[in-house]
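Only one structure is covered here, and it is reproduced in the block below.
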Amino acid sequence: MISPETHGKFAKGALDLRLQGSKQYQMDFSASSTYVPLNDDSVNYGFNASGELGILRRLDFFILSSFMMSPTLFGAKLQFSGDPRVDAKKGNFSAALSVAGGSTNFGRKDNEDDTDIFDGSVDEIQVEMDHQDVGLILGYRWSDVFNRTHYLCWKDSFQS
């Protein structure tokens, strides 16, 4: 999650390490049909990193990396209410808009192994993902001691 407070200074930033969960679905290519349902398979977890960098007092650039198949997102956050992180005190309400995007692609070919799920029906598959993300982030700083806020986040993501 991204804080609604910007860093408030040029080149001031943060780097976070986080555990990311990813729900995986499996496509069944055994049927000879153009309709291929997705089967709920499993949840995988992996570590990823995110970073924010202050550009202007109320503008940060950020990156949300993904070590899984999801695209890495590059974005900007504009704080329009409340004090930036350098000035924020207990009781600070803050609000920001975020916009991000990224893309990735990968492919796989049949490896001629009898246990391969592609065996006999699909020779090659190519996947391209584009991800756009728009968010409204609202926060309340509940303590001076901790440099974090608890916040509500509304985000809408578009993937193709």
Side-chain angles (χ1 to χ4, degrees), residues 1-29 35-108 117 125-160:
M1 293 291 233
I2 299 171
S3 167
E5 295 175 353
T6 57
H7 289 277
K9 286 187 175 180
F10 177 72
K12 185 169 175 69
L15 182 64
D16 296 319
L17 185 64
R18 58 182 74 189
L19 183 65
Q20 175 183 6
S22 175
K23 184 83 170 162
Q24 288 194 339
Y25 293 92
Q26 199 67 277
M27 296 179 89
D28 182 6
F29 290 104
Y35 174 74
V36 180
L38 293 175
N39 299 319
D40 190 354
D41 192 27
S42 65
V43 177
N44 289 333
Y45 294 95
F47 286 101
N48 74 351
S50 67
E52 295 181 25
L53 184 64
I55 302 301
L56 300 172
R57 181 164 171 77
R58 296 192 172 271
L59 179 68
D60 283 357
F61 286 149
F62 64 87
I63 181 172
L64 298 173
S65 68
S66 177
F67 297 139
M68 295 184 185
M69 292 169 34
S70 299
T72 294
L73 296 179
F74 298 90
K77 172 177 64 175
L78 178 66
Q79 184 178 350
F80 61 87
S81 177
D83 291 326
R85 189 171 292 177
V86 294
D87 300 325
K89 302 284 186 241
K90 179 180 178 178
N92 185 54
F93 286 96
S94 53
L97 291 173
S98 68
V99 178
S103 64
T104 188
N105 60 56
F106 54 92
R108 179 159 176 225
I117 63 165
I125 190 165
Q126 224 23 58
V127 177
E128 294 183 23
M129 283 190 281
D130 293 317
H131 186 147
Q132 292 82 38
D133 188 275
V134 178
L136 171 64
I137 311 167
L138 306 172
Y140 174 74
R141 181 179 281 265
W142 57 274
S143 171
D144 285 330
V145 178
F146 300 106
N147 193 15
R148 290 284 179 208
T149 56
H150 283 261
Y151 53 91
L152 301 171
C153 182
W154 168 82
K155 293 179 93 173
D156 198 0
S157 294
F158 312 97
Q159 276 191 294
S160 60

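Just so it is clear, the model here is predicted, and its values are computed rather than measured. Residue numbers start at 1 and run along the sequence shown.
For the atom pair S81 OG and N92 CG, the distance stands at 8.0 Å (nearest 0.5 Å). With values rounded to the nearest 0.5 angstrom, F74 atom CZ is found 11.0 Å from F62 atom CZ. Atoms NZ and CG, on K9 and L53 in that order, are 14.0 Å from each other to the nearest 0.5 Å. Atom CG of L56 sits about 9.5 Å away from atom CG of L78, to the nearest 0.5 Å. Atom OG of S98 and atom CD of E52 lie 10.0 Å apart (nearest 0.5 Å). To the nearest 0.5 Å, atoms CG (D83) and OG (S94) are separated by 9.0 Å.
Between A76 and L59, the shortest heavy-atom distance links the atoms CB-CD1, 4.3 Å. Shown here for I137 and S3, the closest heavy-atom pair between the two residues is CG2-C, 4.3 Å. Looking at every heavy atom in both residues, S50 comes nearest to L64 through CB-CD2, 3.4 Å. Heavy atoms only, all atoms of each residue included: P4 and A96 are closest at O-CB, 3.5 Å.
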Under the side chain to side chain donor-acceptor pair (under 3.5 Å) rule, what do T6 and R57 come out as? Steps first, then yes or no, please.
CA-CA 7 Å; T6 57; R57 181 164 171 77; over 6 Å; no

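In this structure, H7 and P84 have side chains that are not in contact, with every pair of non-hydrogen atoms separated by 4.5 Å or more. Side-chain contact between L97 and F80: present, with at least one pair of heavy atoms (C-beta onward) separated by less than 4.5 Å. At a threshold of 4.5 Å between non-hydrogen side-chain atoms, the residues M129 and S103 do not count as touching. Proximity of L73 to H131: side-chain heavy atoms (C-beta onward) are separated by under 4.5 Å at one or more points. Between T72 and T104 the shortest side-chain heavy-atom distance does not fall below 4.5 Å.
At most 12 heavy atoms of other shown residues, nucleotides or ligands fall within 6.0 angstrom of atom CZ in F10.
Exactly one of R141, Q79, R58 qualifies for a side-chain hydrogen bond (donor to acceptor under 3.5 Å, both in side chains) with E5. That residue is R141.
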